Novice: 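Right, I'll just put the structure down here and ask away after.
Quick note: residue numbers are just sequence positions, from 1. If you're wondering where the values come from, they're calculated on a predicted model, not measured in any experiment.
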Amino acid sequence: MGLFIITLVALFSFQFRNEVLSDLEEHNIAKIDISDFVMYQISQDVTDIIIRGAHATQYKDKDIFLDVSLSRSLGKQGIEVVSGSVVNHIKKIYTFPSGVHYERSDGLKFFSENGVLDTVKEVFNGEGKFRLEAREGNIIGRDLVYYNKNQDFYAKDIKGRYLLSENQ
């Protein structure tokens, strides 16, 4: 009788555990959770991307970064740095719900209230107010779109100052 009771208890315990595990699979539980990190992406003996951050959590389908900065080599064109206080990453899309800072080594930099960066198309679609600074002048506006490949900018409600030459 005691052996029968132990067998029943063990049987129900294993079934309960399977229910718990299947319940956990339905929720998005973190696979990796790190703090104060630096990651390097190296290709052909060159470090082309450096990611520094205060906190990162990787889930099955997304990554969430806090206080993160991503530096990328542009070859002969220099370096670009993209940073934000909160960055959500799904596949090749980075979303900046709390603002994004972009800076290039040639002096170009901008801040947008929020936006989405598609790293495959190399396009940033900003929403809300933005501020752009370059050697040629400063621009403010709304809803910035930046095409990194050909370095074109598009925006709404543009106001700014543009220096035609350094002699003026």
Side-chain angles (χ1 to χ4, degrees), residues 27-166:
H27 293 85
N28 203 359
I29 296 177
K31 293 174 17 178
I32 298 173
D33 193 62
I34 57 175
S35 296
D36 297 322
F37 65 93
V38 179
M39 296 188 302
Y40 299 92
Q41 179 176 313
I42 301 171
S43 61
Q44 298 178 359
D45 300 328
V46 175
T47 303
D48 56 358
I49 297 177
I50 301 172
I51 302 173
R52 290 178 163 80
H55 193 86
T57 306
Q58 183 181 50
Y59 296 94
K60 179 180 175 182
D61 59 344
K62 66 181 175 183
D63 304 320
I64 299 174
F65 298 101
L66 301 177
D67 296 326
V68 68
S69 174
L70 181 139
S71 302
R72 182 174 83 146
S73 172
L74 300 173
K76 295 179 182 178
Q77 298 171 339
I79 296 172
E80 68 180 356
V81 178
V82 180
S83 58
S85 60
V86 177
V87 180
N88 299 316
H89 170 238
I90 298 175
K91 296 184 182 179
K92 302 287 183 175
I93 307 293
Y94 292 84
T95 305
F96 299 85
S98 300
V100 58
H101 291 270
Y102 174 88
E103 189 168 352
R104 216 170 47 209
S105 55
D106 66 358
L108 172 74
K109 56 185 169 181
F110 68 80
F111 170 80
S112 180
E113 287 183 326
N114 60 54
V116 176
L117 174 64
D118 184 331
T119 58
V120 173
K121 296 178 183 175
E122 293 196 41
V123 176
F124 174 79
N125 284 297
E127 294 181 0
K129 295 177 183 177
F130 75 89
R131 178 182 65 253
L132 184 139
E133 299 174 22
R135 282 183 249 158
E136 297 85 7
N138 301 322
I139 298 172
I140 59 171
R142 190 171 51 86
D143 300 341
L144 175 70
V145 178
Y146 173 54
Y147 294 89
N148 195 22
K149 287 183 181 179
N150 55 9
Q151 311 214 346
D152 287 340
F153 289 92
Y154 298 91
K156 298 176 184 172
D157 302 330
I158 298 170
K159 296 177 185 170
R161 176 185 60 81
Y162 187 79
L163 181 63
L164 296 174
S165 73
E166 293 187 21

Novice: Could you tell me the separation between the NZ atom of K62 and the NZ atom of K91, rounded to the nearest 0.5 Å?
Specialist: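 Here the rounded value is 14.0 Å.
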Novice: So which heavy atom on K121 is nearest to which on K149, and how close?
Specialist: O-CE, 4.2 Å
Novice: Between Q58 and I34, is there a side-chain heavy-atom distance shorter than 4.5 Å?
Specialist: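 The answer is no, as the side chains (C-beta and beyond) never meet within the 4.5 Å cut-off.
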Novice: Does I50 reach the side chain of V38, with side-chain heavy atoms less than 4.5 Å apart?
Specialist: yes
Novice: Keeping the roles fixed (side chain from N138, backbone from G160), state whether a donor-acceptor pair exists under 3.5 Å.
Specialist: no
Novice: Is the count of non-hydrogen atoms from other residues, nucleotides or ligands lying under 6.0 Å from L66 atom CG greater than 12?
Specialist: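 Enclosed: over 12 neighbouring heavy atoms sit under 6.0 Å from CG of L66.
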Novice: Using modelled atom types only, decide if a donor and an acceptor are shared between the side chain of T57 and the backbone of I64 within a distance under 3.5 Å.
Specialist: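 Absent.
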Novice: Of all heavy-atom pairs between L144 and A155, which one has the smallest distance, and what is that distance?
Specialist: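 Smallest interatomic distance, heavy atoms only, reads CA-CB, 4.2 Å.
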Novice: Rounded at 0.5 Å granularity, tell me how far CD1 in I93 sits from CG in N88.
Specialist: 12.5 Å
Novice: Of all the heavy-atom pairs spanning F37 and A56, show the shortest one and how long it is.
Specialist: CE2-CB, 3.5 Å
Novice: Between S71 and V81, which heavy-atom pair has the shortest distance, and what is it?
Specialist: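 Distance-wise, the nearest heavy atoms are OG-CG2, 3.7 Å.
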Novice: Can you name the nearest heavy-atom pair linking Y146 to Q151, along with the distance?
Specialist: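 Residues Y146 and Q151, closest heavy atoms: CE1-CA, 3.9 Å.
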Novice: Compare all side-chain heavy atoms of L132 with those of L108 and state whether any distance is below 4.5 angstrom.
Specialist: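 In contact.
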Novice: Which atoms form the tightest heavy-atom contact between N148 and E80, and what is the distance?
Specialist: ND2-OE1, 3.4 Å
Novice: In sequence, state the C-alpha distance, the side-chain angles, and the governing distance for E113 and K129, and then conclude on salt bridge (charged side-chain N to carboxylate O under 4.0 Å, His left out).
Specialist: CA-CA 6 Å; E113 287 183 326; K129 295 177 183 177; 5.3 Å; no
Novice: Measure the spacing between CD of E122 and NZ of K92 and express it to the nearest 0.5 Å.
Specialist: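 If I round to the nearest 0.5 Å, the distance is 11.5 Å.
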Novice: Given Y102, which partner from the list F96, F110, F130, F111 fulfils the side-chain contact (heavy atoms from CB on, under 4.5 Å) test?
Specialist: F110
Novice: Would you give the length of the straight line joining atom OG1 of T95 to atom CG of N114, rounded to the nearest 0.5 angstrom?
Specialist: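 T95 OG1 to N114 CG: 9.5 Å, rounded to 0.5 Å.
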Novice: Are V116 and D118 side-chain neighbours, meaning at least one heavy-atom pair lies under 4.5 Å?
Specialist: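 A side-chain contact is absent here, since even the closest heavy-atom pair is not under 4.5 Å.
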Novice: If you round to the nearest 0.5 Å, how far is NE2 of H55 from CZ of F65?
Specialist: 11.0 Å
Novice: With no hydrogens and no angle check, is any side-chain donor or acceptor of S105 less than 3.5 Å from a backbone partner on I79?
Specialist: yes
Novice: Within this structure, what is the CD-NZ distance for the pair E133 and K109, rounded to the nearest 0.5 Å?
Specialist: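 Going from the CD atom of E133 to the NZ atom of K109 covers 5.0 Å.
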Novice: Any side-chain heavy atom of F124 sitting closer than 4.5 Å to one from V100?
Specialist: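 With C-beta onward as the side chain, the pair touches.
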Novice: Where do I90 and D61 land on the side chain to side chain contact (heavy atoms under 4.5 Å, CB included) test, with the steps shown first?
Specialist: CA-CA 7 Å; I90 298 175; D61 59 344; 5.9 Å; no
